[in-house]
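Notes for the one structure printed next.
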Amino acid sequence: MKTPDRVRLALASLLLAVAGQATAADYVQAPGSTLVFASNYQGETFTGKFGGFTTTLSFDPANLATSKLDVAIQLAGTQTGNGDRDGTLVSADFFNVAKFAQARYTATKFRSLGGNQYAADGTLSLRGVSKPVTLTFTWTPGAQPVLAGKATVKRLDFGVGGGDWADTSTIPNDVAISTKVVLKPAK
């Protein structure tokens, strides 16, 4: 093989390799996003929202292997509409905001559930404990795509509401989490 043929072959191989490495689109959270939770206390259902959260996402439905999700959740300022409950949630018995100011959810494993439904198998870090949590979500593409998802967190796995609050007949172990993240392209 002549040298120019080798150069052409090497360039063609390089171009094919680069073309085969499709990358996910990078997004950041836009205004209008929500992250809420629901539970109940002595049979009374209540909902709450966290003090804030920041989301970054790399996502390509055609190449889920390149996708990543990172959500930083501010625990201070969590509100349920009940001052006593809000004070208890940020205390050492629950979120322990003085020691653990934020929680973090990260995922690098994504699965298609059919249509525009997906699952992100990730890790939630809360109160110094990291455990697997699966977020199932709907992906709505567009100029400002929307990720609308749900997860269930077992609060006692993270030491949330231990001690006197560990009784699951008073507060269930399962806490429902739902989110609607409006996204925009990262710059």
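These numbers come from a predicted model, not from an experiment.
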Quick one: do [X] and [Y] end up in the same hydrophobic cluster if we chain Ile, Leu, Val, Met, Phe, Trp and Tyr together by side-chain heavy atoms under 4.5 Å apart?
| X | Y | value |
| --- | --- | --- |
| V133 | L64 | yes |
| F37 | F100 | no |
| V90 | I171 | yes |
| F46 | V175 | yes |
| L124 | V129 | yes |

Mind checking the [atom1]-[atom2] spacing from [X] to [Y]? Nearest 0.5 Å is all I need.
| X | Y | atom1 | atom2 | result |
| --- | --- | --- | --- | --- |
| L135 | I177 | CG | CD1 | 10.0 Å |
| T66 | F110 | OG1 | CZ | 9.5 Å |
| S91 | D86 | OG | CG | 11.5 Å |

Classify the ring geometry of F95 against F50: parallel below 30°, tilted from 30° to 60°, perpendicular beyond 60°.
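The rings of F95 and F50 sit tilted, inter-plane angle from 30° to 60°.
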Just to verify, what does D84 make a side chain to side chain contact (heavy atoms under 4.5 Å, CB included) with, not counting sequence neighbours?
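Partners of D84 under the side chain to side chain contact (heavy atoms under 4.5 Å, CB included) test: N82.
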Taking only residues two or more places apart in sequence or in another chain, which ones pass side chain to side chain contact (heavy atoms under 4.5 Å, CB included) with F53?
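With neighbours one apart ignored, the set is Q29, S33, L35, T55, V71, I73, T179, V181.
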Checking [X] now: which residues fulfil salt bridge (Lys or Arg N to Asp or Glu O under 4.0 Å) with it, not counting sequence neighbours?
| X | answer |
| --- | --- |
| R85 | none |
| D157 | none |
| K180 | none |

Contact summary for [X] and [Y], nearest pair of heavy atoms:
| X | Y | answer |
| --- | --- | --- |
| R155 | G161 | NH1-O, 3.0 Å |
| P145 | Y27 | CG-CE2, 3.5 Å |
| S130 | S125 | OG-OG, 2.7 Å |

With D26 via side chain to side chain donor-acceptor pair (under 3.5 Å) - residues at least two apart:
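If we apply the side chain to side chain donor-acceptor pair (under 3.5 Å) test to D26, skipping adjacent residues, the hits are S58.
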Residues in side chain to side chain donor-acceptor pair (under 3.5 Å) with T54, at least two apart?
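Expected list: none.
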N/O donor-acceptor pair under 3.5 Å between N173 side chain and L156 backbone:
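Yes, the answer is positive, given that a donor and an acceptor are paired below the 3.5 Å cut-off.
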Please enumerate all residues that pass ring-ring contact (aromatic ring centres under 6.0 Å, His included) together with F94, with sequence neighbours excluded.
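F94 satisfies ring-ring contact (aromatic ring centres under 6.0 Å, His included) with W165 once adjacent residues are dropped.
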Quick one: side chain to side chain donor-acceptor pair (under 3.5 Å) pairs with a partner in residues 92-106, sequence neighbours left out?
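Passing the test, one end in residues 92-106: D70-R104, Q74-Q102.
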Please, which pairs that meet side chain to side chain donor-acceptor pair (under 3.5 Å) have at least one residue in residues 38-47, sequence neighbours excluded?
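Qualifying pairs, neighbours excluded: none.
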Please list, one pair per line, the donor and acceptor atoms closer than 3.5 Å that link side chains of residues 112-120 to other protein atoms, with sequence neighbours excluded.
unit_1	atom_1	unit_2	atom_2	d
S112	OG	G114	N	3.3
N116	ND2	W139	O	3.3
Q117	OE1	T138	OG1	3.3
Q117	NE2	T138	OG1	2.8

With the side chain counted from C-beta on, respond yes when D174 and K154 share a heavy-atom pair under 4.5 Å apart, and no when they do not.
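D174 vs K154: side chains touch.
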Please tell me if the side chains of V160 and V153 come closer than 4.5 Å, counting only heavy atoms from C-beta onward.
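No, every pair of side-chain atoms sits at 4.5 Å or beyond.
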Report, as yes or no, whether the 6.0 Å neighbourhood of atom CG on D164 holds more than 12 heavy atoms from other residues, nucleotides or ligands.
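No, CG of D164 has 12 or fewer neighbouring heavy atoms, counting only those of other groups under 6.0 Å.
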Show every salt bridge (Lys or Arg N to Asp or Glu O under 4.0 Å) that has at least one partner inside residues 118-132, sequence neighbours left out.
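Residue pairs passing salt bridge (Lys or Arg N to Asp or Glu O under 4.0 Å), neighbours aside: R111-D121.
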Test L69 against F59 for side-chain contact (heavy atoms from CB on, under 4.5 Å), laying out the working first.
CA-CA 8 Å; L69 174 63; F59 188 71; over 6 Å; no
